[in-house]
Amino acid sequence: MIASAIFPTTSAAVASAGWLVAATVECTINNNGRPKDCTVVAEDGNNFSAFVKELAGQYKAASKDVDGQSSAGRKIRLTYTMDAAALHP
């Protein structure tokens with residue numbers, strides 16, 4: 001999905017100010033290795049967290065850790081940073 005489609009309302013204003021935006025979400029890994037129940041734990045930039053929560057669904061964890069234990073049910077934190085100027089060159 002295009003970032004500006006998810007993050008349209010403030011992205012032009014953010015880009016014109018030359019801001020970097022970032023957000024961190026904490027999620028639980030489901031049985032398919034995908035994040036679920038994501039909550040925002042940090043945000044730096046005009047509602048960028050809505051975009052990050054959508055983007056987090058694209059993440060795929062390994063099904064097992066190095067010890068052979070399932071990753072399902074584990075908590076992870078994903079941080080995304082974006083140069084908002086890239087949305088509106």
CA sep, side-chain torsions, deciding dist, call: Thr28, Arg74, side chain to side chain contact (heavy atoms under 4.5 Å, CB included): CA-CA 5 Å; Thr28 302; Arg74 293 191 183 187; over 6 Å; no

If you define the side chain from C-beta out and look only at heavy atoms, does anything of Tyr59 sit under 4.5 Å from Ile76? yes

Calculate, to the nearest 0.5 Å, the distance between atoms OG1 and CD belonging to Thr24 and Glu43 respectively. 10.0 Å

Residues, nucleotides or ligands: over 12 heavy atoms within 6.0 Å of Lys60 NZ: yes

Look up atom CD in Gln58 and atom OH in Tyr80, then write down how far apart they are to the nearest 0.5 Å. 8.5 Å

Do Arg77 and Val25 make a side-chain contact, defined as non-hydrogen atoms from C-beta onward lying under 4.5 Å apart? no

Side chains of Asp37 and Glu26: closer than 4.5 Å at any heavy-atom pair? no

Is any side-chain heavy atom of Ser71 less than 4.5 Å from a side-chain heavy atom of Asp65? no

Which heavy atom of Ile29 sits nearest to which heavy atom of Ala61, and what is that distance? CD1-CB, 3.9 Å

In this structure, are over 12 heavy atoms from other groups packed under 6.0 Å from Asn31 atom CG? no

Is Asp67 reaching over with its side chain to a backbone N or O of Gln69, donor-acceptor style, under 3.5 angstrom? no

NZ of Lys75 to SG of Cys27: how many Å apart, nearest 0.5 Å? 9.0 Å

